[in-house]
Amino acid sequence: DVKVTQSSRYLVKRTGEKVFLECVQDMDHENMFWYRQDPGLGLRLIYFSYDVKMKEKGDIPEGYSVSREKKERFSLILESASTNQTSMYLCASTPLRQGHQPQHFGDGTRLSIL
Amino acid sequence: TQLLEQSPQFLSIQEGENLTVYCNSSSVFSSLQWYRQEPGEGPVLLVTVVTGGEVKKLKRLTFQFGDARKDSSLHITAAQTGDTGLYLCAGDLLRDGGGADGLTFGKGTHLIIQP
């Protein structure tokens, strides 16, 4: 089975801090994604990557950046955390750059910005 | 603009009843997926529908993709308490250049099955 592991289940940070959320997948998937999930808003795509060192903006990239130095690892960076970035963050991966692929999700990181 | 409208947002019914969840859009999707998410976990894929008019069954769950590939439904027969969870539909929009560019998710249906 595909395993997508997010480094932290819960994280509390302060406004203005630089925050790193880490995600690792063990199935050699090309595509990796970062979403945030908020009540009443559902899942929204922040950034995705279809290859090492490649990144594409999703629907809500403002205030975030990403890094993909190795195929298995995709990091989400909050450059200067703000309270409106308090959310559940979900990482996902899929194989190959084709449609109809199921997204394999991690268990999420619940981030609170104080 | 919400590309995928999911309804109802909340549903609480008794065990043994039937229910249907709807996922509608004005956009055409190359495929549509249904996920189930339990508290503290990530979404898990239930099914993918690809062909317009397609019907797939997963035990007591029946999934249908609209003929025009703009809408989908999930029907649960004789609901059980174990069906409780957040159900998400997600469409694969072919963006420029195609490829797996991330899914467009509905807001989800919170389903509670009471014993």
Side-chain angles (χ1 to χ4, degrees), chain A residues 1-6 8-10 21 23-25 29-51 54-61 66 74 76 88-110, chain B residues 1-10 21 23 25 28-52 54 56 58 63 65 69 85-110:
Chain A
D1 273 353
V2 177
K3 185 71 174 177
V4 178
T5 303
Q6 295 184 230
S8 304
R9 293 297 297 270
Y10 300 94
L21 302 184
C23 175
V24 176
Q25 49 93 5
H29 284 176
E30 283 76 12
N31 305 315
M32 296 189 74
F33 307 85
W34 275 106
Y35 295 89
R36 62 177 286 177
Q37 184 175 27
D38 300 287
L41 295 176
L43 273 78
R44 293 178 291 166
L45 181 64
I46 304 171
Y47 266 98
F48 62 99
S49 167
Y50 54 85
D51 201 354
M54 303 300 290
K55 61 183 180 183
E56 298 281 350
K57 292 180 180 180
D59 298 317
I60 51 164
V66 289
F74 193 34
L76 180 70
M88 167 70 90
Y89 289 87
L90 289 162
C91 174
S93 71
T94 67
L96 302 176
R97 195 170 186 269
Q98 297 175 6
H100 317 321
Q101 297 295 331
Q103 304 240 324
H104 299 270
F105 285 89
D107 285 337
T109 295
R110 189 165 292 281
Chain B
T1 304
Q2 185 70 25
L3 283 177
L4 270 173
E5 296 289 341
Q6 203 171 330
S7 63
Q9 193 173 353
F10 297 95
V21 176
C23 185
S25 177
V28 177
F29 293 94
S30 62
S31 68
L32 204 137
Q33 300 174 1
W34 285 91
Y35 292 81
R36 179 164 168 255
Q37 185 178 18
E38 299 196 43
E41 298 181 8
V44 176
L45 180 74
L46 294 173
V47 78
T48 301
V49 285
V50 178
T51 306
E54 183 176 4
K56 281 191 174 178
L58 190 67
F63 304 85
F65 202 13
R69 291 186 291 145
L86 175 65
Y87 289 81
L88 297 159
C89 65
D92 187 355
L93 267 176
L94 281 177
R95 302 175 197 238
D96 292 344
D101 296 338
L103 296 173
T104 299
F105 281 83
K107 292 183 180 180
T109 295
H110 293 269

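Basis for what follows: all heavy atoms, side chains included, without hydrogens, waters or symmetry-related copies. Numbers restart at 1 for each chain; the letters A, B, ... are given by sequence-line order, proteins then strands.
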Subject >> Region of Leu43(A) that comes under 4.5 Å of a non-hydrogen atom in chain B >> reply: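 Leu43(A) touches chain B through backbone and side-chain heavy atoms alike.
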
**OP:** Let me know if Arg44(A) has heavy atoms under 4.5 Å from chain B in its side chain, its backbone, both or neither.
**Re:**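 Nothing of Arg44(A), per the 4.5 Å heavy-atom cut-off to chain B.
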
Euclidean distance, [Y] [atom2] relative to [X] [atom1], rounded to 0.5 Å:
X: Leu45(B); Y: Thr94(A); atom1: CG; atom2: OG1; value: 12.0 Å
X: Tyr35(B); Y: Phe105(A); atom1: OH; atom2: CZ; value: 5.5 Å
X: Asp107(A); Y: Glu38(B); atom1: CG; atom2: CD; value: 11.0 Å

Subject >> Taking every non-hydrogen atom, the tightest pair across Gly42(B) and Leu90(A) >> reply: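 Nearest pair, atom of Gly42(B) first, then Leu90(A): CA-CD2, 4.0 Å.
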
Original post:
Using non-hydrogen atoms only, which part of Leu86(B) is less than 4.5 Å away from chain A: side chain, backbone, both, or neither?
Top reply: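 Interface part for Leu86(B): side chain.
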
Subject >> Contacting region of Glu41(B) [heavy-atom separation from chain A under 4.5 Å] >> reply: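 Backbone plus side chain of Glu41(B), per the 4.5 Å heavy-atom cut-off to chain A.
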
Original post:
Looking just at side-chain N and O atoms, do Gln37(A) and Gln37(B) make a donor-acceptor pair shorter than 3.5 Å?
Top reply: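 Distance-only check passes for Gln37(A) and Gln37(B).
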
Original post:
Going through the checks in order, is the side chain to side chain contact (heavy atoms under 4.5 Å, CB included) test met by Phe33(A) and Leu103(B)?
Top reply: CA-CA 10 Å; Phe33(A) 307 85; Leu103(B) 296 173; over 6 Å; no

